[in-house]
Amino acid sequence: MTPSTESNVYAFDRKLLARMTGALGDDKTIGRTALELGHVFSERLPDMLKQETGRDIAIGYAGVKMGLRNELIADLGQAVLLSDVSLRNWCADFHIGCDSPVLIALVEALLGAEPTDIEEPLPRALSKIEIDVAVPVFERIAEAVRMAVDAPGGFEPVVGRPHNGAERLPPDPALEDVYAASIDMTFGLGPVLSTFSVIIPQSVLLKTQIVLSSNAGRNESMKTDWSEQLEEQIRRSAVTLEARIQLESLTLDTISRLQPGDVIPFHDGQDVRVEVNANGRDLYVCEFGRSGSRYTVRVKDTHGSEQDILRHIMS
């Protein structure tokens, strides 16, 4: 290749190539499909979630954003819960993201708080148990997608376990990013209004016909009781407890010279007071004891009510 030939070699415009191969659509076409999908969400999700939670949840279309998929996901921020989802015969890789405040408020409501009394929580990473409770929300959103697109074969969506945005692994630089659209929906519970987003490759949306008929899907078959599910999730979730015992005060000089075998007495002379905590939250006041060959603690008092303890553990 001569120098003059080399000077005539130009990189192919990425967007033009994507349009030519059906991976990028025009704003009007993608916007119309996103609006139809948002209409399905706003029509079906409130009933689906009401059956699960017993709570009135408002769902509304909030618009669509278009761009490269990794950038759309990053734009959701870190105080968001994300899930990787697939639906056979439709899309092998799309994503659901939901702001944390509404999920925190939903957990509060399911633990007995009235939605109107819940103060809007600050965005933050969710605990393991809060994520456990949020899983059915993502499953219902994915089910609404399945109902809207009516993929051949009637397969169920495969919903990956949600994870905090801050914990998401960076995208593989070896994999080329794709053009996608983020369908944004408002998610309201009492005074708390957040957003959830469904991020779908544009190549998939361009081939999708949204089913608007209310007869599609199996909304009537969803009989799960959320309260029972919440109780089961909490029951099955492992929580690490720590016991803290106050020892006698020692001088710094004495502490610096302690050797294996030295004994430090407890601060209490009679019943030894033990503070038991989980996730850094004090839960119980206990007394130190022994049962056979094992040392034990016996609960004497609690730090708050049963609901307070549940909130402490889950936050």
Side-chain angles (χ1 to χ4, degrees), residues 1 3 5-31 33-34 37-38 62-101 103 123-128 130-132 134-135 137-139 141-142 145-146 149 151 155-185 194-208:
M1 181 178 293
T5 305
E6 291 177 355
S7 65
N8 292 328
V9 176
Y10 300 98
F12 207 92
D13 183 83
R14 181 177 183 179
K15 285 190 174 182
L16 178 58
L17 180 60
R19 288 191 188 279
M20 292 173 61
T21 57
L24 176 63
D26 61 89
D27 292 354
K28 182 177 180 181
T29 301
I30 297 298
T33 303
L37 190 54
V64 60
K65 294 189 289 287
M66 303 177 210
L68 292 172
R69 176 169 59 188
N70 291 335
E71 293 177 359
L72 292 173
I73 293 174
D75 287 344
L76 297 179
Q78 296 191 336
V80 66
L81 208 59
L82 293 165
S83 176
D84 302 326
V85 192
S86 65
L87 178 58
R88 188 172 175 182
N89 292 340
W90 181 66
C91 182
D93 188 20
F94 66 101
H95 308 273
I96 298 173
C98 188
D99 291 339
S100 59
L103 297 174
R124 61 168 172 80
L126 298 186
S127 68
K128 177 183 178 298
E130 286 173 325
I131 294 175
D132 288 340
V135 166
V137 172
F138 284 77
E139 291 176 342
I141 295 173
V145 173
R146 185 201 68 79
V149 303
F155 295 100
E156 295 294 327
V158 178
V159 182
R161 177 172 174 79
H163 54 275
N164 289 302
E167 300 168 358
R168 186 172 184 82
L169 296 176
D172 187 343
L175 298 178
E176 185 177 4
D177 205 354
V178 300
Y179 288 99
S182 175
I183 296 91
D184 301 331
M185 305 294 299
S194 293
T195 303
F196 76 82
S197 303
V198 182
I199 300 176
I200 305 169
Q202 292 193 28
S203 60
V204 174
L205 289 175
L206 289 170
K207 301 174 183 177
T208 299

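As the structure is a computational prediction, the values presented were derived from the model and not from experiment.
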Next item on the list: Tell me, please, which residues at least two apart from D99 pass salt bridge (Lys or Arg N to Asp or Glu O under 4.0 Å).
Entry: none
Next item on the list: Quick one: closest heavy-atom pair of P101 and S194, and the distance?
Entry: CB-OG, 3.7 Å
Checklist line | Side chain proximity check, P162 to V135, heavy atoms < 4.5 angstrom | finding: yes
Next item on the list: Could you pull out the closest heavy-atom pair between V64 and G31, with the gap in Å?
Entry: CG1-CA, 4.3 Å
Going by atom type alone, with no hydrogens or angles, which donor-acceptor pairs under 3.5 Å involve a side-chain atom of residues 76-83 and a protein atom two or more places apart or on another chain?
| unit_1 | atom_1 | unit_2 | atom_2 | d |
| --- | --- | --- | --- | --- |
| S83 | OG | G160 | O | 2.6 |

Margin query: I'd like to know if the side chain of D26 reaches the main chain of K28, judged simply by a donor and an acceptor atom lying under 3.5 Å from each other, with no hydrogens or angles considered.
Written below: yes
Checklist line | Gap between atom NZ of K15 and atom CG of L24 - 0.5 Å precision | finding: 7.0 Å
Note to self: Can a donor-acceptor pair be found, under 3.5 Å and without considering hydrogens, that links the side chain of T29 to the backbone of G25?
What the structure shows: no
Next item on the list: Enter the distance from Q202:CD to M66:CE here, rounded to the nearest 0.5 Å.
Entry: 6.5 Å
Next item on the list: Check salt bridge (Lys or Arg N to Asp or Glu O under 4.0 Å) between K65 and all other residues, then give those that pass, not counting sequence neighbours.
Entry: D184
Next item on the list: Any chance you could measure L206, atom CG, to T208, atom OG1, to the nearest 0.5 Å?
Entry: 8.5 Å
Next item on the list: Find out whether H95 and I73 are in side-chain contact, i.e. whether some heavy atom of one side chain is under 4.5 Å from a heavy atom of the other.
Entry: yes
Margin query: Can you tell me how far apart CG (L68) and CG (D177) are? Round to the nearest 0.5 Å.
Written below: 4.5 Å
Next item on the list: For side-chain contact (heavy atoms from CB on, under 4.5 Å), just list the numbers for V158 and V85, CA-CA rounded to whole Å, side-chain angles, deciding distance to a tenth of an Å, and then say yes or no.
Entry: CA-CA 6 Å; V158 178; V85 192; 6.0 Å; no
Item checked: Side-chain heavy atoms of F196 within contact of L103, under 4.5 Å -> no
Item checked: Presence of salt bridge, R69 and E176, under 4.0 angstrom -> no
Check: Would a 4.5 Å heavy-atom cut-off, applied to side chains only, mark R161 and D132 as touching?
Finding: yes
Next item on the list: Answer whether the closest heavy-atom distance between the side chains of D84 and R168 falls below 4.5 Å.
Entry: yes
Item checked: Close side-chain approach of C98 and F138, heavy atoms under 4.5 Å -> yes
Notebook entry, point to check: Say you draw a straight line from CD1 of I183 to CD1 of I200; how long is it, rounded to the nearest 0.5 Å?
Noted result: 4.0 Å
Note to self: How close do R88 and F155 get, counting heavy atoms only, and between which atoms?
What the structure shows: NH1-CE2, 3.5 Å
Next item on the list: For S100 and R124, indicate whether the former's side chain and the latter's backbone hold a donor-acceptor pair under 3.5 Å.
Entry: yes
Margin query: Give me the atom names and distance for the closest heavy-atom approach of A181 to I30.
Written below: CB-CG2, 3.8 Å
Next item on the list: Starting at CD1 of I199, measure out to CG of L72 and round the result to the nearest 0.5 Å.
Entry: 5.5 Å
Notebook entry, point to check: Hey, are the side chains of F94 and V204 touching, using non-hydrogen atoms and a 4.5 Å cut-off?
Noted result: no
